Undergrad: 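Before anything else, here's the structure in question.
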Amino acid sequence: MLKSRVKWSRRCWLVCLLIIGAVVSIIWSCNNQQFYQRPIGKVVSVQVTHQQKTQDQFNNRDQQFKQRVTLQIMNGRHRGQRVTTNNTYSKSGGMDQKYRRGQQAFLTQLRSDHGQLTANVTGLKRDTTVVVLTWLVILLLIIMMGKVGVFALLSALLNVGLFIAAIQIDIATQAQYILPIFAGLSFLMALATLTFVYGWNKQTFATLLATMLGVGISLGTFLLVSSLTNERGIYYEAMQFVTQNYRLLYLAEIMIGCLGAVMDESSDILATMFEVKRLDPQVQWRKLFAAGRQVGQTVMGPLTNILLMIFLFSTLTNAVLMLRNGNSWGYTFSMTMSLGVAQSLVSGIGIVVTIPVVSLVTSLLIAKEGTK
C-alpha cells in the first residue's frame, strides 16, 4: 500500500513538473520572435477593402476578398515599426490565408521605400500550436500509461532522430543507396520501439524477427508482381516535386509504411502466445500456433481497413480538386490514389502473410522453452 502511494506521489510530482514545463514552453513560443531570421509581424488591424464573387470555366463558385493588413514588426532591425500590406484570400481557403487581429505572421521582401516600410505577408507563425499539441501528447502518455508511456515517448523521439539521420545520409550520398539506407532504418526503428516497450527478451526477439520477415515478404511480393506486370497501373509521376529515383523512393515508402502495420499485428499475436505459454508451460506448439492464428484473424480486418482509409483519405483533397476541375474519375484515381492504393495492398499482404509466419516461428521458438 505504501509503495503504491509513493509511486502515485512520484507520478503526480512528475506531471506537475511537466505542466510547469508546458506553460513555460508555450509562453516562450509566443515570445521567441528574436530567434527567427525571417521577419515576423503581429496583426494589429485588418480591413476588407474589396470582395467579389468568382466562377471558373468548370462552374466552380467562390468568393474572393482583399484585406488591408497592418502589422507591428516583432524582430529584426525594424522591430517596433508598423507595415501595411495587402492580402487576397478566398472563402474556400484552398490556396490562401485569411488574417485576423492578434495573429503572428511571417513577412517577406521587407524593405524601406522612401521612408515607408513595405512587405508581403506569407503565412502564419504556428509553432505555439505545435508546442501545445506536443505537450498534450506527452502529458496524456504519462498520465494514462505511466512508465510505459515514458518509454513509448522515448522510442518515438529516437525513431524521429533515426528518420532524420537516414534522410541526411540519403542526401549526402546523392540517393545512391536508398534501399539499404531505409532497410537499415526499418530494422533500427523496429528494434528501438520493441526494446523500449518490452525490454530485450525472447518476446522482443521473436517480434523483431517476425516483423522483418513480414516486411520482407510483402516487399518481395510487390517486386515480383511489378516485374510480371511491368508496373502497369503504377504512376510514379504522381509523386510531385521528387528529384530522386521515383521507384526506389516509393519502395522505401512502402517499406516504412508496411513496418508499422506488421509490427503492430506481430505484437498482438506474440503477446497472446506468450501469455498462453505462461499459463500452460507444457503447451504444444500446435496449440500456440492456433492461438496466434486466431488473434491474427481477429485483428487482420480492422487493421487492413484502417490502412486503406489512411492511404486513401490522405489523397482526398487533391482528388476533390482534380474532380472539380473537370478530370475524369479514372484519371483522378491514377494520378492521386493509385500509389496509395498499391501501398495499402502491399501492407495488406504483409498483414495477411505475417499471421502464419509469426505464429509458426514463435510457436516453434517457445513451445519447449520457458518464457522470461
Side-chain angles (χ1 to χ4, degrees), residues 19-140 240-241 313-327 336:
I19 291 175
I20 294 173
V23 173
V24 172
S25 299
I26 293 170
I27 294 174
W28 179 82
S29 67
C30 294
N31 301 277
N32 62 350
Q33 297 82 8
Q34 64 271 21
F35 294 98
Y36 284 84
Q37 294 183 353
R38 289 188 294 173
I40 298 173
K42 182 177 182 179
V43 180
V44 294
S45 66
V46 179
Q47 181 183 3
V48 177
T49 60
H50 179 72
Q51 57 179 318
Q52 65 178 3
K53 295 182 177 179
T54 61
Q55 182 175 348
D56 62 13
Q57 58 181 330
F58 302 107
N59 293 322
N60 294 317
R61 295 179 176 84
D62 206 345
Q63 195 168 1
Q64 195 173 69
F65 301 86
K66 181 176 286 187
Q67 289 179 310
R68 189 168 181 81
V69 185
T70 302
L71 305 100
Q72 183 174 354
I73 301 174
M74 306 184 72
N75 63 338
R77 62 190 182 93
H78 298 292
R79 181 179 180 181
Q81 300 182 44
R82 293 193 174 189
V83 61
T84 300
T85 184
N86 293 320
N87 174 56
T88 301
Y89 72 94
S90 59
K91 188 176 181 180
S92 61
M95 300 293 292
D96 42 49
Q97 173 71 52
K98 177 182 178 181
Y99 295 97
R100 298 179 176 85
R101 184 179 177 181
Q103 293 179 327
Q104 297 181 25
F106 291 106
L107 303 172
T108 58
Q109 299 179 348
L110 177 63
R111 58 181 179 268
S112 179
D113 187 9
H114 301 292
Q116 185 176 3
L117 291 177
T118 60
N120 293 324
V121 58
T122 58
L124 292 175
K125 177 177 177 286
R126 294 185 170 90
D127 56 349
T128 301
T129 303
V130 175
V131 170
V132 171
L133 292 175
T134 301
W135 277 107
L136 183 61
V137 171
I138 293 173
L139 289 171
L140 287 175
Q240 301 177 9
F241 311 115
F313 285 96
S314 63
T315 64
L316 181 62
T317 52
N318 288 336
V320 171
L321 182 63
M322 294 190 69
L323 289 171
R324 289 296 299 269
N325 283 279
N327 294 289
T336 62

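Note that the numbering runs from 1 along the sequence shown for the chain. Note that the coordinates shown come from a computational prediction; the quantities given were computed from them, not determined experimentally.
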Undergrad: Show every salt bridge (Lys or Arg N to Asp or Glu O under 4.0 Å) that has at least one partner inside residues 119-130, sequence neighbours left out.
TA: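 Salt bridge (Lys or Arg N to Asp or Glu O under 4.0 Å) check on residues 119-130 returns Lys125-Asp127.
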
Undergrad: Could you work out, with side chain to side chain donor-acceptor pair (under 3.5 Å) as the rule, every residue matching Thr134, not counting sequence neighbours?
TA: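 Not a single residue meets the side chain to side chain donor-acceptor pair (under 3.5 Å) criterion with Thr134.
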
Undergrad: Could you list the residues that satisfy side chain to side chain contact (heavy atoms under 4.5 Å, CB included) with Ala119, not counting sequence neighbours?
TA: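 Once residues adjacent in sequence are excluded, the partners of Ala119 under the side chain to side chain contact (heavy atoms under 4.5 Å, CB included) criterion are Val83, Leu107, Leu110.
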
Undergrad: Under the ring-ring contact (aromatic ring centres under 6.0 Å, His included) rule, collect the residues that match up with Phe106, sequence neighbours excluded.
TA: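 Once residues adjacent in sequence are excluded, the partners of Phe106 under the ring-ring contact (aromatic ring centres under 6.0 Å, His included) criterion are Tyr36.
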
Undergrad: Would you please name every residue forming a side chain to side chain donor-acceptor pair (under 3.5 Å) with Gln52, sequence neighbours left out?
TA: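 Partners of Gln52 under the side chain to side chain donor-acceptor pair (under 3.5 Å) test: Gln64.
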
Undergrad: Under 6.0 Å from the CD atom of Gln116, do we count more than 12 heavy atoms belonging to anything else shown?
TA: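 Atom CD in Gln116 is not crowded, with 12 or fewer foreign heavy atoms closer than 6.0 Å.
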
Undergrad: Using the test side chain to side chain contact (heavy atoms under 4.5 Å, CB included), find all partners of Asn86 that sit at least two apart in sequence or belong to another chain.
TA: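 Expected list: Arg68.
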
Undergrad: Going by salt bridge (charged side-chain N to carboxylate O under 4.0 Å, His left out), name the residues that satisfy it together with Lys42, two or more places apart in sequence or in a different chain.
TA: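 Partners of Lys42 under the salt bridge (charged side-chain N to carboxylate O under 4.0 Å, His left out) test: none.
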
Undergrad: Looking at Leu71, Ile73, Val44, which hits side chain to side chain contact (heavy atoms under 4.5 Å, CB included) with Arg82?
TA: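 Looking at Leu71, Ile73, Val44, the match for Arg82 under the side chain to side chain contact (heavy atoms under 4.5 Å, CB included) is Val44.
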
Undergrad: Describe, in one word, how the ring planes of Tyr89 and Phe65 are oriented to each other, choosing from parallel (under 30°), tilted (30 to 60°) and perpendicular (over 60°).
TA: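 Rings of Tyr89 and Phe65: parallel, as their planes differ by under 30°.
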
Undergrad: Asn87: which residues meet the side chain to side chain donor-acceptor pair (under 3.5 Å) condition with it, sequence neighbours left out?
TA: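 Partners of Asn87 under the side chain to side chain donor-acceptor pair (under 3.5 Å) test: Gln67.
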
Undergrad: Nearest heavy-atom pair of Gln81 and Leu117: which atoms, and what distance?
TA: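 Here Gln81 and Leu117 meet closest at OE1-CD1, 3.3 Å.
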
Undergrad: Arg77: what forms a side chain to side chain contact (heavy atoms under 4.5 Å, CB included) with it, not counting sequence neighbours?
TA: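 With neighbours one apart ignored, the set is empty.
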
Undergrad: Any side-chain heavy atom of Leu133 within less than 4.5 Å of one from Val137?
TA: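 The answer is no, as the side chains (C-beta and beyond) never meet within the 4.5 Å cut-off.
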
Undergrad: To the closest 0.5 Å, what do you measure between CD1 (Ile26) and OG1 (Thr129)?
TA: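 The distance works out to 10.0 Å.
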
Undergrad: So does Gly123 get a backbone contact from the side chain of Tyr99, meaning a donor-acceptor N/O pair under 3.5 Å?
TA: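 The answer is yes, because a donor-acceptor pair under 3.5 Å joins these two groups.
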
Undergrad: For residues Val43 and Val69, determine if any side-chain heavy atom of one lies less than 4.5 Å from a side-chain heavy atom of the other.
TA: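 Yes, close enough: below the 4.5 Å cut-off.
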
Undergrad: Which residues pass the side chain to side chain contact (heavy atoms under 4.5 Å, CB included) test with Leu140, not counting sequence neighbours?
TA: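 Result, side chain to side chain contact (heavy atoms under 4.5 Å, CB included) vs Leu140: Leu136.
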
Undergrad: Once you round to the nearest 0.5 Å, how far does CD of Gln104 lie from CD of Gln72?
TA: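 These two atoms lie 10.5 Å from each other.
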
Undergrad: Restricting to non-hydrogen atoms, name the atom on Asn75 and the atom on Pro39 that form the minimum distance, rounded to 0.1 Å.
TA: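 Asn75 and Pro39 have their closest heavy atoms at OD1-CA, 3.4 Å.
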
Undergrad: List in chain and number order the residues that pass side chain to side chain donor-acceptor pair (under 3.5 Å) with Arg38, two or more places apart in sequence or in another chain; answer none if no residue qualifies.
TA: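 For Arg38, no residue satisfies side chain to side chain donor-acceptor pair (under 3.5 Å) once neighbours in sequence are set aside.
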
Undergrad: Quick one: does Asn120's side chain have a donor or acceptor within less than 3.5 Å of a partner on Gln109's backbone?
TA: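 No; zero donor-acceptor contacts below 3.5 Å.
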
Undergrad: Looking only at heavy atoms, which two atoms of Thr88 and Lys66 are closest? And how far apart?
TA: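 Minimum heavy-atom contact is OG1-CE, 4.0 Å.
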
Undergrad: What distance separates Ser45 OG from Arg100 CZ, expressed to the nearest 0.5 Å?
TA: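 Rounded to the nearest 0.5 Å, the OG-CZ separation comes to 15.5 Å.
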
Undergrad: Do Gln37 side-chain atoms and Gln34 backbone N/O form a donor-acceptor pair below 3.5 Å?
TA: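 Pair absent, no side-chain N/O of Gln37 close to backbone of Gln34.
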
